[in-house]
Q: 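Mind looking over this structure? Questions follow.
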Amino acid sequence: MCEILTDERIKQILVAFYNRVRSDASLSQPFAVVEDWDEHITRLTDFWSSLMLTTGRYKGNPLSMHLVHIDKIEPAMFARWLELWKQTTDELVPPDVALQMQAKAGRVAARFSQAMFGASAQPEPALAGVSPYRVTATFSENSVPAPLLRSHSLREGAWGLIKVEEGTLRYLEGDTKIDLGSHMPGVIPPCTPHHLELVGPVKFRLEFYDRPPVQN
């Protein structure tokens, strides 16, 4: 990953992406609040470097910075943001790296959307039509295997999909926390430390794939 995705490459992706955002009919208005784009790109490069390369350089709170401008943001904007991100990453990095960056962006968008507009407004991933090689039994809050509640990772090349049938289940990955429900499956990338947290009565199962199970 580090050989392909460097900080300089991340910066190039962000410059291309936000050029699209700034000229987009639906997204240009909320991003007009940015006064210094050079500084903004530098801060975002630190953010994505921390997400993708685990450099730990980003120390801010991006959600709080966006909440200040919530009057300029609409729920549908998250889906458009993800669409432009997919276009840009598909063009500029190899498919496996692009898919991981798209999965990360999907979780960021879900977290922001949930915080701003509630669970029903979260952007939904669309299943890509691939079949799982393994599906677990349906777990409840009483039968969930203990290892799922501790930090663990999937092997290289394996992707997971958390499908909640009833209730709510919390997915934690680094500083990211997402409350999953029947409306919002949770995507687990390969080699990414994560764990689940019970927040109440729940029924869910896990599906495992040899390729990303969603497309943004």
Side-chain angles (χ1 to χ4, degrees), residues 1 4-126 128 173-178 183-184 186-187 189 212 214-216:
M1 173 73 76
I4 298 172
L5 194 67
T6 62
D7 282 340
E8 183 58 32
R9 194 59 170 162
I10 289 173
K11 182 177 180 180
Q12 292 172 356
I13 293 168
L14 290 167
V15 168
F17 172 65
Y18 281 100
N19 282 340
R20 281 179 165 150
V21 166
R22 294 167 71 182
S23 62
D24 185 78
S26 63
L27 297 179
S28 58
Q29 182 177 357
F31 282 94
V33 301
V34 178
E35 297 180 355
D36 186 341
W37 273 98
D38 288 340
E39 187 275 337
H40 194 61
I41 292 296
T42 297
R43 188 149 32 91
L44 287 168
T45 300
D46 288 346
F47 176 76
W48 279 97
S49 177
S50 295
L51 277 184
M52 300 302 300
L53 305 178
T54 64
T55 59
R57 288 211 313 266
Y58 185 81
K59 304 299 182 183
N61 187 333
L63 177 57
S64 65
M65 296 175 67
H66 286 75
L67 286 172
V68 173
H69 304 291
I70 192 171
D71 60 315
K72 298 179 177 64
I73 300 173
E74 299 177 1
M77 291 177 178
F78 290 100
R80 179 58 177 163
W81 186 85
L82 290 172
E83 182 181 353
L84 294 180
W85 183 252
K86 183 179 189 303
Q87 291 176 11
T88 307
T89 50
D90 281 347
E91 291 174 3
L92 296 179
V93 291
D96 57 335
V97 178
L99 286 166
Q100 291 194 44
M101 296 188 80
Q102 291 158 21
K104 296 277 189 182
R107 286 193 289 279
V108 170
R111 181 188 175 197
F112 282 28
S113 182
Q114 182 183 53
M116 292 179 178
F117 305 108
S120 62
Q122 292 184 29
E124 294 187 26
E173 178 188 312
D175 293 333
T176 300
K177 296 181 181 181
I178 302 175
H183 62 284
M184 182 67 182
V187 182
V214 301
Q215 295 176 337
N216 289 324

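Predicted model only: the values in this text are computed from it and were never measured.
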Q: Does anything in residues 19-31 pair up under side-chain hydrogen bond (donor to acceptor under 3.5 Å, both in side chains), and if so which pairs, sequence neighbours excluded?
A: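 Of all non-adjacent pairs touching residues 19-31, those that pass side-chain hydrogen bond (donor to acceptor under 3.5 Å, both in side chains) are R20-T88, R20-E91, D24-S26, D24-R80.
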Q: If you look at every heavy atom in I41 and K11, which pair is closest and at what distance?
A: CG2-CG, 3.9 Å
Q: Work out which heavy atom in P30 is nearest to a heavy atom in K72; give both atom names and the distance.
A: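 Looks like CB-O, 3.6 Å.
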Q: Taking side chain as C-beta onward, heavy atoms only, is R43 less than 4.5 Å from Y58?
A: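 Touching, per the 4.5 Å side-chain cut-off.
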Q: Strictly under 6.0 Å, is that where the ring centroids of F78 and W85 end up?
A: no
Q: If you count heavy atoms of other groups shown closer than 6.0 angstrom to CD of E39, is the number above 12?
A: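 Yes, enclosed.
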Q: Taking side chain as C-beta onward, heavy atoms only, is I73 less than 4.5 Å from W81?
A: no
Q: Identify, with sequence neighbours excluded, every residue that meets side-chain contact (heavy atoms from CB on, under 4.5 Å) alongside D90.
A: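 In terms of side-chain contact (heavy atoms from CB on, under 4.5 Å), with neighbours along the sequence ignored, D90 is linked to K86, A98, Q102.
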Q: In this structure, which one of I178, L51, L82 forms a side-chain contact (heavy atoms from CB on, under 4.5 Å) with V108?
A: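 Per the side-chain contact (heavy atoms from CB on, under 4.5 Å) rule, the option paired with V108 is L51, out of I178, L51, L82.
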Q: Within the distance-only criterion (no hydrogens, no angle test), does the side chain of T89 pair as donor or acceptor with the backbone N or O of M101 below 3.5 angstrom?
A: no
Q: For L92 and I13, work out which heavy atoms get closest and say how close.
A: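 Shortest heavy-atom contact: CD1-CA, 3.9 Å.
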Q: Does any part of the side chain of L44, heavy atoms only, come nearer than 4.5 Å to the side chain of Y18, both counted from C-beta?
A: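 Yes; the side chains approach each other to less than 4.5 Å.
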Q: Starting at CD1 of I10, measure out to CG of L53 and round the result to the nearest 0.5 Å.
A: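 Reported to 0.5 Å precision, the distance equals 4.5 Å.
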Q: Evaluate E8 against Q12 for side chain to side chain contact (heavy atoms under 4.5 Å, CB included), listing each step before the verdict.
A: CA-CA 6 Å; E8 183 58 32; Q12 292 172 356; 3.9 Å; yes
Q: With a sphere of 6.0 Å drawn around CD of E74, does it hold more than 12 non-hydrogen atoms of other residues, nucleotides or ligands?
A: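 Count not over threshold, so no.
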Q: Indicate yes or no: at least one non-hydrogen side-chain atom of T45 is less than 4.5 angstrom from one of R57.
A: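 Touching, per the 4.5 Å side-chain cut-off.
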